[in-house]
There are 2 protein chains.
Amino acid sequence: MVADLSAGELAAYFALRAAGDRLQRAVTQQLRSYDLTEVQFSILAQLGSAGDGIGMGQLARALVVTKSGLTYQVGQLEARGLVARHPDANDDRAVQLHLTAGGKKLLAHVMPAHVALVRELFIDRVGPADLAIIRDNLAQVAQD
Amino acid sequence: MVADLSAGELAAYFALRAAGDRLQRAVTQQLRSYDLTEVQFSILAQLGSAGDGIGMGQLARALVVTKSGLTYQVGQLEARGLVARHPDANDDRAVQLHLTAGGKKLLAHVMPAHVALVRELFIDRVGPADLAIIRDNLAQVAQD
DNA sequence: TATTGTTATACTCTATAACTATA
DNA sequence: TATAGTTATAGAGTATAACAATA
């Protein structure tokens with residue numbers, strides 16, 4: 001089975017999938033302790049790194065979700081007071097999404113924990129020189 | 001934001017997540033053309049590489065899903081005639097899950113396409129020497 | 001008593017399509 | 001006409017807890 005890949009290639013593929021799964025599982029579990037899903041965390045993180053607000057459509061494209069799916073998740077976050085919708089001065093159809101003070105505060109708690117987890121599970125297990133190799137090659141994989 | 005990771009470390013983390021997401025998205029889309037979810041494909045693949053049958057509990061642990069979730073997915077596959085439940089000779093509570101002829105046939109179609117996709121998106125984009133580095137390091141990440 | 005597996009149930013999430021309002 | 005976003009709706013998948021049967 002999987003005969004067209006050499007043993008080494010197969011092992012590399014399994015390692016990539018296993019590492020990705022493991023990391024994702026650990027992140028999901030950690031976020032659950034803050035009552036956040038990964039999509040919700042991604043929304044908060046995007047808003048946190050954007051200086052000003054973000055439109056719904058733009059955010060939906062960035063997160064690779066549908067507009068209606070994003071409306072649902074933003075609704076969840078808004079109900080918890082973590083994000084707020086503001087009118088767009090240039091386009092009356094559009095909405096600018098912002099973090100509230102509460103959202104910023106939560107993100108300020110979650111992000112360090114997230115970073116620590118990534119360091120523990122990924123960065124610290126990879127040699128510095130190898131890290132650059134992994135980065136460059138996987139960036140190619142991510143490319144269209 | 002994400003201040004505790006250097007730019008290079010952050011880039012490596014993003015590359016890993018992006019590569020994993022990209023690969024998963026492509027695989028999911030390809031499997032949809034066979035009307036299979038990833039979990040269902042994993043079930044078929046596990047059964048395909050196991051010589052004899054597999055118990056439900058053992059399979060649930062391997063796939064990191066609950067027993068009831070597995071019962072649901074196996075039910076879907078069984079309804080399509082791709083897998084079959086057989087009694088366990090040694091334990092009257094247990095079930096041995098097997099591929100049917102139809103399941104083997106479908107897997108024989110899906111697996112080469114899967115391998116080709118993995119080759120196109122991953123193996124062919126990574127230098128052979130780098131592949132070994134990626135394999136060894138990511139295997140460490142996957143470890144408990 | 002513990003374990004194998006199923007069932008009943010409820011819930012979360014996602015997408016499709018139709019819709020409103022504005023460009 | 002096209003675009004931004006929401007809503008209504010339905011479907012797929014997952015987990016929890018209770019259950020039956022056997023070890």
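Heavy atoms only: backbone and side chains are in, while hydrogens, waters and symmetry mates are out. Residue numbers start from 1 in every chain, and the chains themselves are labelled A, B, ... in the order their sequence lines are given, proteins ahead of strands.
The backbone N or O of Ile133(A) sits less than 3.5 Å from a side-chain atom of Asn137(A), completing a donor-acceptor pair. Judged by distance alone, with hydrogens and angles left aside, the side-chain atoms of Gln30(B) form a donor-acceptor pair with the main-chain N or O of Ala113(B) at under 3.5 Å.
Residues Glu38(A) and Arg32(A) are not paired through a salt bridge, judged by the lack of any N-O separation under 4.0 Å between the basic side chain and the carboxylate. Using a 4.0 Å cut-off between charged side-chain N and carboxylate O, Glu120(A) and Arg125(A) make no salt bridge.
The side chain of Gln73(A) contributes an N or O atom lying less than 4.0 Å from OP1 or OP2 of dT14(C). Of the side-chain N and O atoms in Arg85(A), one or more sit less than 4.0 angstrom from OP1 or OP2 of dT6(D).
Closest approach to the Met56(B) side chain among dT22(C), dT6(C), dT14(D) is made by dT6(C) (side chain taken as heavy atoms from C-beta onward). In this structure, the nucleotide among dA4(D), dA12(D), dT6(C) sitting nearest to the side chain of Thr71(B) is dT6(C).
One interatomic measurement links the two molecules: CD1 of Ile54(B) to C1' of dG5(C), which rounds to 16 Å at whole-angstrom precision. Atoms CZ (Arg32(A)) and C1' (dC11(C)) sit 14 Å apart, rounded to a whole Å. Whole-Å rounding puts the Gln29(B) CD to dA15(C) C1' distance at 15 Å. In this structure, Gln76(B) places its CD atom 10 Å from P of dT14(D), rounding to the nearest Å. One can place CD of Glu38(B) at 12 Å from P of dG13(D), the figure rounded to the nearest angstrom. Counting to the nearest Å, the P atom of dA12(D) and the CD atom of Gln40(B) are 11 Å from each other. Distance Leu97(B) CG to dT4(C) C1': 14 Å, rounded to the nearest Å. Atom CD of Glu78(B) and atom P of dT6(C) are 9 Å apart (whole Å).
By the rule that hydrophobic residues join a cluster once side-chain heavy atoms approach within less than 4.5 Å of another member, Leu107(B) and Ile43(B) end up as members of one cluster.
When each of Tyr72(A) and Ala94(A) is assigned the nucleotide of DNA chain D bearing its nearest heavy atom, the one mapping closer to the 5' terminus is Ala94(A). In terms of position along DNA chain D, the nucleotide closest to Arg93(A) lies nearer the 5' end than the nucleotide closest to the other residue of the pair Arg93(A) and Thr66(B). For Asp91(A) and Val65(A), each mapped to the nucleotide of DNA chain C holding its nearest heavy atom, the one lying further toward the 5' end belongs to Val65(A). Between Thr37(A) and Gln58(B), the one whose closest nucleotide on DNA chain C sits nearer the 5' end is Gln58(B).
Residue-level contact check: Asp88(B) touches neither bases nor backbone, having no heavy atom under 4.0 Å from any strand. At a threshold of 4.0 angstrom between heavy atoms, the contacts of Gly55(B) are confined to the sugar-phosphate backbone, with no base atom among them.
A donor-acceptor contact under 3.5 Å is formed by the side chain of Ser68(B) with the base of dT16(D).
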